[in-house]
Amino acid sequence: MSELEDEYRLDYFEENGFVRKSCTDCGANFWTRDHDRETCGEPPCEDYAFIDDPGFDEPYSLEEMREAFLSFFEDNDHERIEPYPVAANRWRDDVLLTQASIYDFQPLVTSGQTPPPANPLTISQPCIRMQDIDNVGKTGRHTMAFEMMAHHAFNAREDLEDPDQYAYQGEVYWKDECVEYCDEFFASMGANLDEIVYIEDPWVGGGNAGPAIEVIYKGAELATLVFMSMEQDPDGEYEMKDGNTYSPMDTYIVDTGYGLERWTWMSQGTPTVYEAVYPDMIAFLKENAGIELSEDEAELVHRAAKLAGHMDIDEAEDMETARDNIARKLDVSVSELEALMEPLEDIYAIADHCRTLAYMFGDGIVPSNVSTGYLARMVLRRTKRLVDGVGVDAPLDELVDMQAKRLEYENRDTIRDIVRTEVEKYRETLERGGRKVEQLAEEYARKSEPIPTSELIELYDSHGIQPDMVEEIAAESGADVNVPDDFYSLVAQRHDSEEAFEEAGSDGDDRIDDLPKTERLYYDDQQRTEFEAVVLDVFERESGFDVVLDQTMFYPEGGGQPADTGTLSDDDGSYTVEVEDVQIRDGVILHRTDERPEKGDIVRGQLDTRRRRQLMRNHTATHVVIHAARQVLGDHIRQAGAQKGVESSRIDVHHYERIDREDVKRIEHVANEIVMENTPVTQEWPDRHDAEAEHGFDLYQGGIPPGENIRLIHVADDVQACGGTHVARTGDIGTIKIRNAERVQDGVGRLTFAAGEAAISYTQEAEDALYAAADVLDVNPGEVPETAERFFEEWKARGKEIEDLKEELAEVRASGAGDAEEVDVGGTPAVVQRLDADTDELRATANALVEEGKIAVFGSGAGGSAQFVVAVPEDAGVNAGEVVGELASKVGGGGGGPPDFAQGGGPDVDALDDALDDAADVLRAVKNA
RNA sequence: GGGCCCAUAGCUCAGUGGUAGAGUGCCUCCUUUGCAAGGAGGAUGCCCUGGGUUCGAAUCCCAGUGGGUCCA
């Protein structure tokens with residue numbers, strides 16, 4: 001790491017009288033103007049020094065501070081950029097949430113494939129860091145949701161052979177200017193520059209690394225300046241703290257982060273960051289929860305706030321010790337401090353979590369059991385627990401709305417709806433779970449055993465009940481619970497029983513490397529179905545061939561659209577090969593054929609027109625359906641996946657409720673209105689940043705394409721980035737029929753639909769089924785539901801009547817048993833009889849005989865097998881189970897049951913009569929045994 | 001995307017291969033009558049669907065449908 005030392009020897013430091021020092025507490029190296037300074041200034045080496053003593057000239061609100069920062073950098077030639085959504089998985093698939101401003105530009109801009117929207121630029125990017133969740137409220141400085149203010153500059157080395165290989169060239173600015181900007185911004189706030197500390201702290205992340213500087217002022221880390229300039233390289237000369245080696249790369253990027261909340265806090269000097277950031281909400285929550293402090297208490301809280309920096313679970317050994325230390329310094333008991341601080345900490349956390357939720361739902365995240373939706377659910381449930389625990393009685397949707405309003409979201413009604421739905425779901429889960437725990441608790445309380453860990457794991461993993469909740473409920477039933485310290489790792493163990501590792505067998509086909517990218521004719525005229533081309537090369541595959549042409553109309557599989565099929569023919573008609581599949585590799589399109597065309601030939605390509613037309617209809621219909629679904633269900637509707645087909649297609653969309661029949665019908669109506677309007681479907685290739693500015697990130701329903709320009713498809717009011725083939729006008733779709741709406745995951749619904757001919761076929765099939773049913777019932781189709789219901793009711797009534805009649809029949813049979821053979825078994829009369837009826841009937845008759853004090857042995861040959869029922873009155877001293885066992889063995893089967901009633905049988909019906917003949921002997925034998 | 005759990009009376013659930021149950025709600029009657037309540041009796045089930053194993057499946061196995069939950 002010492003090799004990076006030189007990286008920090010900036011001219012700027014030298015010219016401005018900085019000295020380099022090592023912290024006497026933690027050993028960190030830092031730069032400062034104050035030659036007498038000994039420690040780095042960051043907690044735990046120092047306490048907060050700005051509480052009650054703001055570090056800037058004036059107090060700023062969050063909004064004022066944001067504006068001050070952005071306009072400062074605008075005045076210094078940075079272009080202001082609008083923030084991106086907090087759901088980073090909308091433009092990259094390696095992360096879920098936006099955790100830093102640089103996330104907005106990864107991976108395509110940082111790697112130099114795509115130009116930045118401006119260079120240099122400034123932005124205030126809302127971020128969510130779930131990993132800080134346990135610190136929120138406690139340290140006074142951590143928030144899960146925050147805005148990272150930043151200035152970025154994207155540089156490329158000037159000594160490159162081919163500078164144009166990157167989307168930006170030359171150096172905008174680097175370390176010295178970056179630190180200077182930082183200093184100047186501090187100065188513009190009225191900070192005392194002598195108190196600023198620049199700590200050397202190399203940065204590593206996501207395969208990149210570089211020198212970085214933490215900027216500390218009055219005990220708070222206010223900014224981090226990262227100089228991303230290296231990439232991971234096994235032969236690299238720099239070994240970083242993650243143990244990997246790195247080497248310099250061609251692009252180098254200024255990546256800064258200034259915590260908006262901390263800066264605001266610094267300007268106000270309030271006890272915690274929360275009181276500086278959302279004072280109204282804190283006041284509201286305090287009042288609602290009825291928290292009132294005496295003067296002495298308020299004074300204590302105030303003093304504790306200055307030490308709260310030590311309550312960091314990442315740094316402190318454990319929370320209890322940390323609290324203990326603080327209590328000692330303040331000279332109060334831990335319990336007193338805790339009783340005072342905990343409700344406040346909860347309230348701070350609630351305000352922060354509500355802001356997090358407002359960001360999440362505002363940016364269209366839908367609660368779910370997967371992905372960002374799951375994170376949102378966790379945060380919501382945690383917030384609900386805090387709210388209930390501290391005694392806030394305002395509904396959660398109102399609390400979240402307070403933040404959504406402040407953040408100026410337009411979909412506030414939807415947000416409230418989502419929160420209400422989700423709270424209700426949680427309530428149901430808790431209720432269900434509570435009942436389960438009560439049962440378990442009673443069971444184990446009876447046995448005087450503690451509830452075992454396996455049950456706790458099951459409760460948490462399968463039913464979502466936290467162990468502390470189990471403890472609470474179990475205590476009421478007097479059951480003990482011991483939650484092991486490693487509870488959550490035990491849960492984790494249950495999950496990684498088998499790590500499914502699949503090695504993506506990369507198609508390392510270097511033969512195509514030398515071939516030019518295939519010209520894609522299907523974008524020029526999407527309606528054409530034939531073309532001419534030159535065969536550039538042919539590769540043999542395991543079965544069949546890969547044919548590369550100079551240009552093609554064949555659409556390769558991609559974007560959820562299956563490949564075209566068709567034929568390639570030699571121009572004098574001497575051969576025709578079938579194209580069975582089409583794939584694209586690095587821009588080279590491979591036509592998979594059954595026969596080998598000749599390299600260098602000019603061939604005529606002919607698509608399977610019907611298939612292509614259906615695919616185009618389906619693809620355009622997909623855009624139409626998602627647009628319709630958005631109008632019907634709300635603006636949060638976003639594609640979670642899609643697959644187009646010839647007969648039917650499907651799209652998965654995020655929605656917080658089940659998509660019901662009424663929704664489907666409305667979506668179908670809206671979709672077909674768009675079809676009937678017969679508006680043109682157009683494509684364009686605008687600059688990506690212009691497109692994003694105009695249409696937002698909703699463009700990227702099906703993933704983000706690379707490149708400077710992207711292809712947009714306009715269908716009615718709908719705009720999507722899309723690489724597929726489309727019909728010319730919506731009317732060409734013909735018609736859209738939604739076949740099914742199912743819930744594929746919680747929070748994700750799937751719409752399956754058919755377009756054009758396939759829609760007609762599907763409708764006809766559905767009608768056929770209805771007509772067939774009507775035919776069977778001999779009624780008009782419209783009367784089917786009513787009739788079916790009537791028949792079903794009648795059928796049930798008859799079943800009941802038959803039961804009753806069997807009972808009656810059984811009693812009649814039993815009372816008039818004169819025709820049956822009656823034998824004496826040790827003083828008890830026994831009736832042995834063959835009765836070819838079902839088991840229910842045998843049972844009823846046998847029971848009736850037992851009522852009369854008789855043993856009953858019945859055999860039946862009905863239903864293709866031999867069946868016995870043996871019933872015995874209580875005092876007869878014969879074990880029915882043994883009798884049945886004996887008899888059943890004679891017909892090649894088995895049987896059993898309780899001593900007073902047993903049944904059994906076997907496959908050998910022919911032996912039934914013989915077995916019954918022996919029944920009397922069997923009874924006597926069992927009696928005497 | 002993966003793991004686990006669940007589906008039985010209107011509701012909440014028990015039943016782990018042998019006659020489908022409890023609590024609650026419902027109906028009738030009685031007691032008391034201001035309410036609340038108490039007593040007696042009664043009705044209520046394609047045991048989610050389809051296949052398999054078995055003499056026999058609510059129960060075991062497979063698949064589907066619907067719901068829940070944990071993890072990345």
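Proteins get letters first, then strands, A, B, ... in listed order; numbering begins at 1 in each. FYI, side chains are in, hydrogens and waters are out, and symmetry mates aren't considered; it's all heavy atoms of this structure.
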**OP:** Mind checking A/Lys800 for me? I need base, sugar-phosphate or nothing, with any heavy atom below 4.0 Å counting as a touch.
**Re:** sugar-phosphate
Subject >> Interatomic spacing from CG in A/Asn879 to CD in A/Glu886 - rounded to 0.5 Å >> reply: 12.0 Å
**OP:** Among B/G68, B/C70, B/C13, find the nucleotide with the atom closest to the side chain of A/Tyr460.
**Re:** B/C70
Original post:
Over how many whole Å does the gap from A/Ile465 atom CD1 to B/C5 atom P extend?
Top reply: 15 Å
Subject >> Residue pair A/Ala919 / A/Leu887: nearest heavy atoms and the distance that separates them >> reply: CA-CD2, 4.1 Å
Original post:
Any luck finding a side-chain donor-acceptor pair between A/Gln561 and A/Gln643 under 3.5 Å?
Top reply: no
Subject >> Closest nucleotide among B/G3, B/U19, B/U69 to the A/Asp461 side chain >> reply: B/G3
**OP:** Go through the side-chain N and O atoms of A/Glu647 and A/Tyr762 and say whether any donor and acceptor fall under 3.5 Å apart.
**Re:** no
**OP:** Please report, rounded to the nearest Å, how far the P atom of B/C70 is from the CG atom of A/Leu430.
**Re:** 10 Å
Original post:
Of the nucleotides B/A14, B/C4, B/U12, which one has an atom closest to the side chain of A/Arg435?
Top reply: B/U12
Original post:
How is A/Gln867 classified with respect to the nucleic acid when contacts are heavy atoms under 4.0 Å: base, sugar-phosphate, or nothing?
Top reply: sugar-phosphate
Original post:
Nearest of B/U19, B/G18, B/G68 to any side-chain atom of A/Pro898?
Top reply: B/G18
Original post:
Quick one: A/Glu438 CD to B/G23 P, roughly how many Å, whole number?
Top reply: 18 Å
Original post:
To the nearest angstrom, how far is A/Leu459 atom CG from B/C70 atom C1'?
Top reply: 13 Å
Original post:
In whole angstrom, what separates A/Asp660's CG from B/G67's P?
Top reply: 12 Å
**OP:** Could you give the distance separating B/U16 and B/G66 at their C1' atoms, to the nearest angstrom?
**Re:** 23 Å
Original post:
Who is the Watson-Crick or G-U wobble partner of B/A20, with both distances under 3.5 Å?
Top reply: none
**OP:** Tell me whether A/Phe901 is stacked on the nucleobase of B/U19, counting only the six-membered base ring and applying the 5.5 Å and 30° thresholds.
**Re:** yes
Original post:
With sugar-phosphate meaning primed atoms plus P, OP1 and OP2, does A/Gly905 contact a base, only sugar-phosphate, or nothing at under 4.0 Å between heavy atoms?
Top reply: base
**OP:** Sort out the partner of B/A14 for me: Watson-Crick or G-U wobble, both distances under 3.5 Å, none otherwise.
**Re:** none
**OP:** When you get a sec, tell me which of B/U69, B/C55, B/C4 is the closest nucleotide to the side chain of A/Thr429?
**Re:** B/U69
Subject >> Side-chain H-bond candidate by donor/acceptor type, A/Arg385 with A/Tyr426, under 3.5 Å >> reply: yes
Original post:
Do the side-chain N or O atoms of A/Arg432 get closer than 4.0 angstrom to the phosphate oxygens (OP1, OP2) of B/C13?
Top reply: no
Original post:
With respect to the side chain of A/Asp746, which nucleotide from B/C70, B/G68, B/C46 is positioned closest?
Top reply: B/G68
Original post:
So which nucleotide does B/C48 pair with, by the Watson-Crick or G-U wobble rule with both distances under 3.5 Å?
Top reply: B/G64
**OP:** With salt bridge (Lys or Arg N to Asp or Glu O under 4.0 Å) as the test, would you mind laying out the steps for A/Arg658 and A/Asp663 before giving the verdict?
**Re:** CA-CA 9 Å; A/Arg658 226 187 117 72; A/Asp663 294 333; over 6 Å; no
Original post:
What is the distance from CD of A/Glu424 to P of B/G68, rounded to the nearest Å?
Top reply: 12 Å
Original post:
A/Met378 has a side chain; which of B/G18, B/C70, B/G68 sits nearest to it?
Top reply: B/C70
Subject >> Below 4.0 Å: OP1/OP2 of B/U65 and any side-chain N or O of A/Arg658 >> reply: no
**OP:** Indicate, with a heavy-atom threshold strictly under 4.0 Å, whether A/Asp900 touches base, sugar-phosphate, or nothing.
**Re:** base
**OP:** Under a 3.5 Å limit for both distances, which nucleotide forms a Watson-Crick or G-U wobble pair with B/G1, could you say?
**Re:** B/C71
**OP:** Could you check whether A/Phe868 gets within reach of a base, just the sugar-phosphate, or nothing at all, counting any heavy atom under 4.0 Å?
**Re:** nothing
Subject >> Any-strand Watson-Crick or G-U partner of B/C26, both distances under 3.5 Å >> reply: B/G42
Original post:
OP1 or OP2 of B/C46 sitting under 4.0 Å from any side-chain N/O of A/Lys796?
Top reply: yes
Original post:
Side chains of A/His636 and A/His655: do they bring a donor and an acceptor to under 3.5 Å?
Top reply: yes
**OP:** Pick base, sugar-phosphate or nothing for A/Ser371, based on heavy-atom distances below 4.0 Å to the nucleic acid.
**Re:** base
Original post:
Which of these nucleotides, B/G67, B/C70, B/U19, is closest to any side-chain atom of A/Arg743?
Top reply: B/G67
Original post:
With respect to the phosphate group of B/U69, does any side-chain polar atom (N or O) of A/Arg377 fall under 4.0 Å of OP1 or OP2?
Top reply: yes
Original post:
Reckon A/Glu458 touches a base, only the sugar-phosphate, or nothing at all at heavy-atom distances under 4.0 Å?
Top reply: sugar-phosphate
Original post:
Given that both distances must come in under 3.5 Å, which nucleotide forms a Watson-Crick or G-U wobble pair with B/U53?
Top reply: none
**OP:** Would you mind classifying the nucleic acid contact of A/Asp840 as base, sugar-phosphate or nothing, using non-hydrogen atoms under 4.0 angstrom?
**Re:** nothing
**OP:** Check every strand shown and say whether A/Val370 touches a base, only sugar-phosphate, or nothing at a heavy-atom separation below 4.0 Å.
**Re:** base
Original post:
What is the distance from OH of A/Tyr488 to C1' of B/A72, rounded to the nearest Å?
Top reply: 17 Å
